[in-house]
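The block underneath contains the structure these notes are about, expressed in structure tokens.
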Amino acid sequence: MTDQPSEVRECVAAARSYLESLCALAPHRRTGSPGNRAATDFFARSARDWGYEIDAAPFPCLDHETGRVSLSSGGKAFPVEIGPYSPAAEVISPLVAVSTLAELEKSSCRGKILLLRGEICAEPLMPKNFPFYNPDHHRKIYSLIEEKNPAAVVTAPPRNPEMIGAVYPFPLIEDGDFDIPSAFCSDATGDEIASRAGQSFCLSIEARRIPATACNVILRKNPTAARKIVVCAHIDTREGTPGASDDGSGTVVLLLLARLLRDYRGKLGIEIAALNGEDHYSVAGQKDYLSRYGDGLKAAALAVNIDDVGYREGKTAYSFYECPEALKKQAAHAFAAFPGLMEGPPWFQGDHMIFVQSGVPSVAFTAERMAVLMATVTHTARDTPEIVDPAKLAETALALRRLVELLGE
């Protein structure tokens with residue numbers, strides 16, 4: 001990096017402090033939770049003296065509180081976990097097991113416990129009302145379950161780190177709009193349960209859905225400019241993870257960039273957005289952003305998304321989406337002075353896609369070894385500040401400042 005050594009040192013120290021503060025918010029930063037509200041308050045408070053307009057308009061969302069869960073049959077208990085956003089349940093009934101969509105179509109499970117395992121659990125179901133990607137076969141599974149109306153659903157999906165991260169077992173169903181109680185277990189436990197299909201089971205779930213509010217935090221500089229650059233990361237996490245890499249790292253880069261641009265006087269508008277909901281079933285923050293400000297994306301010359309950066313292994317990878325060649329060349333020129341950055345392959349599971357789908361040229365930053373992170377760390381308690389190199393966060397922020405200044409000339 002060619003920036004002044006003192007500025008680099010200040011950025012690294014600030015990155016370390018911001019990351020530790022975000023990851024210390026207990027018990028997690030899930031959208032709508034007390035820890036999430038503390039995180040957005042921290043973000044806004046950190047930026048309040050840097051000359052930005054700060055927009056933190058609230059939006060409604062759903063939080064979830066859980067207690068004990070048990071599943072048993074004939075005196076044998078089976079280890080299960082409560083499905084995210086599941087209603088409470090007390091069910092004693094026979095169990096029906098299915099492993100394919102055809103078996104589900106033929107099943108008779110009204111008022112019974114329905115076990116889904118095998119092929120039908122090959123990938124996590126997108127929430128019923130997810131607006132950005134919702135395959136027909138996912139909607140078909142939901143429709144059939146609701147039509148059959150079991151008393152509860154237990155799912156036993158196989159490992160799938162490419163789709164869900166390192167969490168195992170993971171919930172097939174994560175949807176506050178799905179009103180049938182649900183639990184989940186490992187596929188091995190599912191095999192044991194299936195061997196007792198037809199027998200009576202007792203399922204008890206202590207859970208409560210909690211209406212809540214949350215907010216995006218958007219920092220704006222030169223908001224009346226004809227064209228703007230939007231830089232975003234998601235401030236929320238899943239339950240059970242400190243979320244250092246996913247996406248405390250991106251949130252820290254936003255704060256560092258906002259600090260570096262506090263004296264910005266370029267021609268472009270700057271919008272730095274801590275979005276709140278990428279890991280929430282309803283993507284409530286992203287939907288709220290598009291609802292409130294979607295028309296303003298016509299003025300966006302570029303959107304940048306930062307997610308899972310700073311991993312201690314490998315470099316930081318950037319990728320382009322619907323960018324004209326001239327913009328790619330400008331970005332490559334801006335990033336050339338930063339040896340820890342490299343161009344990597346595109347990926348499509350992040351907040352940059354809400355801008356791409358709106359026709360905005362976009363750049364996404366992530367770890368070169370994102371696949372390793374997904375398979376071993378993402379969404380788990382292992383996602384702690386120790387796996388993130390603050391110097392890499394500082395480098396990403398300094399590189400983005402260079403790009404903003406170049407485009408704003």
Side-chain angles (χ1 to χ4, degrees), residues 47 50-55 132 216-234 247 250-251 253-275 278 285-307 309 316-338 341-344 346-348 350-366 395-409:
W50 297 336
Y52 291 86
E53 291 185 6
I54 300 178
D55 180 349
F132 304 121
N216 300 313
V217 183
I218 303 172
L219 313 179
R220 295 188 177 94
K221 195 173 283 285
N222 193 16
T224 60
R227 301 288 280 165
K228 67 180 178 180
I229 296 175
V230 182
V231 186
C232 72
H234 71 89
D247 187 25
T251 303
V253 172
L254 294 187
L255 284 172
L256 295 176
L257 181 62
R259 179 174 170 168
L260 290 166
L261 292 174
R262 59 190 180 274
D263 298 321
Y264 173 78
R265 296 292 184 270
K267 295 179 181 178
L268 291 172
I270 303 296
E271 185 173 290
I272 296 175
L275 297 178
E278 199 263 2
Q286 285 74 355
K287 289 190 337 189
D288 186 75
Y289 177 89
L290 291 174
S291 174
R292 292 178 191 271
Y293 314 117
D295 287 345
L297 292 181
K298 297 172 185 175
L302 177 68
V304 179
N305 180 38
I306 310 156
D307 199 345
V309 293
T316 301
Y318 58 88
S319 50
F320 296 106
Y321 307 79
E322 306 301 326
C323 291
E325 287 302 317
L327 182 56
K328 290 182 182 179
K329 289 180 180 178
Q330 286 179 301
H333 177 69
F335 301 154
F338 300 89
L341 270 58
M342 58 170 282
E343 185 172 354
W347 49 284
F348 305 99
D351 284 337
H352 49 293
M353 296 311 296
I354 70 174
F355 299 98
V356 175
Q357 291 174 359
S358 297
V360 180
S362 300
V363 179
F365 283 78
T366 193
E395 183 179 43
T396 303
L398 289 162
L400 284 171
R401 179 181 66 176
R402 188 73 53 85
L403 177 61
V404 168
E405 290 175 343
L406 181 64
L407 296 178
E409 290 177 354

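Throughout, numbering of the chain's residues begins at 1 and tracks the sequence.
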Of the non-hydrogen atoms in G408 and Y264, which two are nearest, and what is the gap between them?
CA-OH, 3.9 Å
E322 atom CD, neighbour heavy-atom count above 12 within 6.0 Å:
no
Would a distance-only check, ignoring hydrogens and angles, find a side-chain to backbone donor-acceptor pair under 3.5 Å from [X] to [Y]?
X: K221; Y: R262; value: yes
X: N222; Y: I270; value: no
X: S362; Y: V304; value: no
X: H352; Y: F320; value: no
X: D247; Y: A233; value: no

Residue pair S319 / Y321, side-chain donor-acceptor N/O under 3.5 Å:
yes
Does the side chain of Y293 come under 3.5 Å of the side chain of D55 through a donor N or O and an acceptor N or O?
yes
Taking the side chain as everything from C-beta on, heavy atoms only, tell me whether D351 gets closer than 4.5 Å to E278.
yes
How are the rings of F365 and Y318 set to each other: parallel, tilted or perpendicular (split at 30° and 60°)?
tilted
Once you measure the plane-to-plane angle for Y289 and F355, does it fall in the parallel (<30°), tilted (30-60°) or perpendicular (>60°) bin?
perpendicular
